[in-house]
Amino acid sequence: MGEPSKVLISLGGILDVTGEVVAMWILLAVVTAVCLIIKFTLKEKPGKFQNIIETGVEALDNFFMGLLGEKSRQYFTFLGSLFIFIIFSNYSGLIPGVGLTDYVKAPTASLSVTAGLGVLTFIFLQGAGLKKGVKHYFKRFISPIFIMLPLLVLDELIKPASLALRLFGNVFGEEMVTHQLYEIFPIGVPVVMMVLSLLFCSLQAMVYTMLVSIYLDEATETE
Amino acid sequence: MTNSAIIALAAALAIAVSTIAPAIAQGLTAKSAMESIARQPDAAKDIRSTLIIALALMEALTIYGLLIAFMLISRI
């Protein structure tokens with residue numbers, strides 16, 4: 001979908017390094033660096049930097065707490081990482097120059113990356129469901145009546161696909177609109193769309209994790 | 001009409017038609033959500049989160065149309 005990414009370093013056709021991969025490496029480096037700095041300078045009496053991070057983590061915790069209740073703590077690592085990854089990838093498309101060159105591209109504007117996230121989410125949801133008990137897991141597929149089985153199995157497969165397509169479509173669409181505006185008139189005009197993107201990028205990350213937590217709530221609910 | 005002209009029209013129709021219906025639906029959803037918030041400001045938080053989910057699910061339909069349009073354009 002879209003245009004195939006330009007290969008920067010070829011590694012046998014499967015593990016090719018493209019602009020998205022470079023962007024993800026940079027993202028990984030920045031997030032890891034922030035985490036390490038925070039880990040080693042953790043204090044009883046927080047400074048300015050620690051305060052900012054604590055506010056962010058607390059907001060995330062409250063967000064998932066409101067959706068999942070007490071069990072959100074158990075899955076907070078995965079959901080929080082997902083949120084941080086998606087929101088930073090979305091915002092990386094707004095950095096001037098990103099997306100215009102082949103070397104750095106917003107990761108979530110590529111279907112391969114969002115499809116990867118979808119597969120990850122699928123595995124996570126099934127794993128979380130199975131962990132609650134195998135019998136309970138299979139009971140969910142025939143829960144109202146037996147005839148629902150094919151529909152519910154299909155539903156389980158469509159969920160990650162629609163998540164991936166939604167994220168990709170939104171971010172890619174924004175990038176395309178910004179790009180088109182840039183082609184029309186490069187000075188000033190793209191800012192209009194970029195300001196809107198500031199809102200949409202965080203909204204998409206929120207929507208993705210929100211839907212994942214709702215599916216998780218469905219998968220792990222106990223009577 | 002040539003083949004590519006038909007494909008271009010189909011792509012335009014795919015995104016246009018798939019925008020109209022979700023736009024109406026989203027407008028109705030937002031309208032009733034705002035009315036409920038105005039009536040019951042205490043429940044604003046719950047309403048907002050369900051509103052976003054509902055809007056996102058409707059948004060997906062438009063995105064599918066957009067993807068089809070892109071697929072068609074790449075065929076020209």
Side-chain angles (χ1 to χ4, degrees), chain A residues 1-4 59-60 62-69 72 83 86 90 108-112 114-115 118 155 158-177 179-180 196 199-218, chain B residues 4-34 36-37 40-76:
Chain A
M1 210 78 62
E3 287 158 23
L60 259 185
N62 284 336
F63 175 62
F64 290 123
M65 208 57 132
L67 287 166
L68 284 169
S72 80
F83 183 87
I86 293 172
N90 288 354
T108 36
S110 145
L111 186 59
S112 316
T114 55
D155 184 41
I158 287 172
K159 272 174 192 172
S162 80
L163 278 175
L165 280 178
R166 176 180 304 118
L167 185 60
F168 161 70
N170 274 299
V171 180
F172 182 65
E174 271 161 36
E175 296 268 297
M176 284 301 280
V177 172
H179 198 75
Q180 292 296 328
L196 272 179
L199 174 69
F200 290 149
C201 286
S202 56
L203 201 66
Q204 283 315 313
M206 228 172 87
V207 162
Y208 192 98
T209 39
M210 208 179 227
L211 286 172
V212 171
S213 15
I214 286 163
Y215 296 151
L216 180 68
D217 201 27
E218 256 171 39
Chain B
S4 53
I6 293 174
I7 292 175
L9 267 180
L13 269 180
I15 182 65
V17 173
S18 67
T19 310
I20 293 169
I24 295 170
Q26 287 191 334
L28 287 175
T29 314
K31 169 175 164 274
S32 41
M34 280 173 195
S36 337
I37 289 178
Q40 238 176 335
D42 298 339
K45 211 180 156 201
D46 291 341
I47 291 170
R48 199 177 302 129
S49 61
T50 40
L51 171 72
I52 289 173
I53 293 162
L55 289 183
L57 289 174
M58 284 174 230
E59 184 90 4
L61 304 174
T62 314
I63 299 297
Y64 297 150
L66 182 73
L67 292 176
I68 299 291
F70 277 126
M71 269 168 76
L72 285 171
I73 283 176
S74 67
R75 289 261 185 109
I76 290 179

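Keep in mind that the numbers below use all heavy atoms, side chains included, and drop hydrogens, waters and symmetry copies. Chain identifiers are assigned alphabetically (A, B, ...) following the order of the sequence lines, protein sequences preceding nucleic acid strands; residue numbering begins at 1 within each chain.
- When side chains are defined from C-beta on, Y64(B) counts as touching S162(A), because their heavy atoms get closer than 4.5 Å.
- Taking chain B as the reference chain and counting heavy-atom pairs below 4.5 Å, the highest number among N170(A), I214(A), L67(A) is found for N170(A).
- Annotation: the span from K45(B) atom NZ to N62(A) atom CG amounts to 6.5 Å, rounded to 0.5 Å.
- For a residue to count as touching a neighbouring chain, one of its non-hydrogen atoms must lie under 4.5 Å from one of that chain's; by this rule L55(B) does not touch chain A.
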Item to complete: Evaluate side-chain contact (heavy atoms from CB on, under 4.5 Å) for L165(A) paired with L67(B), printing each intermediate quantity in order.
Response: CA-CA 8 Å; L165(A) 280 178; L67(B) 292 176; 3.1 Å; yes
Discussion item. Please determine whether side-chain contact (heavy atoms from CB on, under 4.5 Å) holds for the pair L57(B) and R166(A), giving the CA-CA distance in whole Å, both sets of side-chain angles, and the decisive distance to 0.1 Å.
Written reply: CA-CA 9 Å; L57(B) 289 174; R166(A) 176 180 304 118; 3.6 Å; yes
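- Taking a 6.0 Å sphere around CE of M65(A), one finds it holds more than 12 heavy atoms contributed by other residues, nucleotides or ligands.
- Chosen from I63(B), D46(B), L66(B), the residue pairing most often with chain A at heavy-atom distances under 4.5 Å is I63(B).
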